[in-house]
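Notes follow once the structure below has been shown.
Because the structure is predicted, anything quoted here is derived from the model rather than measured.
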Amino acid sequence: AGLPFFDEKTGEDLTKQTVFLVLYRDKWVSLESVPQAKFMSDQGWKFKAVCDGYHDRLYSLQIDWYQDSLYLNFDLKKK
């Protein structure tokens, strides 16, 4: 997905080993598998970052019609 993921304590870049998922039709799927136009709807979205050795990180977000860019940065906590 091209999103940055980091260890919250050390700042180590975890991007390559992290999977970023979105809840779509009651299933966790890759961000790329959801049609981009769906994100323009006026609904809330749930996202999950999964990385071995770290706690899953859950996020909720609502994207409004006027937002054409979104920059996210994720810190993950070791188990």
Side-chain angles (χ1 to χ4, degrees):
L3 299 169
F5 299 94
F6 301 97
D7 181 294
E8 73 171 2
K9 290 199 181 204
T10 67
E12 177 187 355
D13 188 343
L14 302 171
T15 303
K16 289 183 181 176
Q17 61 261 42
T18 302
V19 177
F20 190 61
L21 305 169
V22 60
L23 190 61
Y24 180 62
R25 296 185 176 167
D26 296 322
K27 293 181 185 172
W28 290 106
V29 299
S30 70
L31 188 63
E32 296 81 12
S33 69
V34 179
Q36 192 173 17
K38 293 288 186 186
F39 292 109
M40 300 303 187
S41 65
D42 202 21
Q43 72 179 53
W45 290 92
K46 292 186 182 202
F47 300 95
K48 179 166 64 169
V50 179
C51 184
D52 283 342
Y54 290 82
H55 293 283
D56 290 354
R57 191 79 187 260
L58 298 172
Y59 302 90
S60 293
L61 163 63
Q62 180 141 358
I63 303 169
D64 282 319
W65 64 269
Y66 59 85
Q67 293 176 295
D68 59 2
S69 297
L70 181 64
Y71 299 96
L72 302 170
N73 188 349
F74 301 95
D75 292 329
L76 302 175
K77 185 177 183 176
K78 252 192 198 300
K79 289 184 178 177

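With sequence neighbours excluded, the residues satisfying side-chain hydrogen bond (donor to acceptor under 3.5 Å, both in side chains) with Asp13 are Thr15. Looking at residues two or more places apart in sequence or on another chain, you find a ring pair (Phe, Tyr, Trp, His ring centres under 6.0 Å) between Phe47 and Phe20. Residues satisfying the side chain to side chain contact (heavy atoms under 4.5 Å, CB included) test with Tyr24, not counting sequence neighbours, are Val29, Val34, Pro35, Lys38, Trp45. Taking Glu8 as the reference, Asp75, Lys77 meet the side chain to side chain contact (heavy atoms under 4.5 Å, CB included) condition, with sequence neighbours excluded. With sequence neighbours left out, the side chain to side chain contact (heavy atoms under 4.5 Å, CB included) criterion links Thr10 to Asp7, Glu12.
Pairing each heavy atom of Val22 with each of Ser30, the nearest pair is CG1-O, 4.0 Å. Between Cys51 and Leu76, the closest heavy-atom pair is CB-CD1, 3.8 Å.
The other members of the hydrophobic cluster of Val50, by chain and number, are Val19, Leu21, Leu23, Trp28, Leu58 (side-chain heavy atoms under 4.5 Å, ILVMFWY only).
Under the 6.0 Å cut-off for aromatic ring centres, Phe5 and Tyr54 do not qualify, their centroids lying 6.0 Å or more apart.
Note: Leu31 CG to Lys48 NZ = 14.5 Å, rounded to the nearest 0.5 Å.
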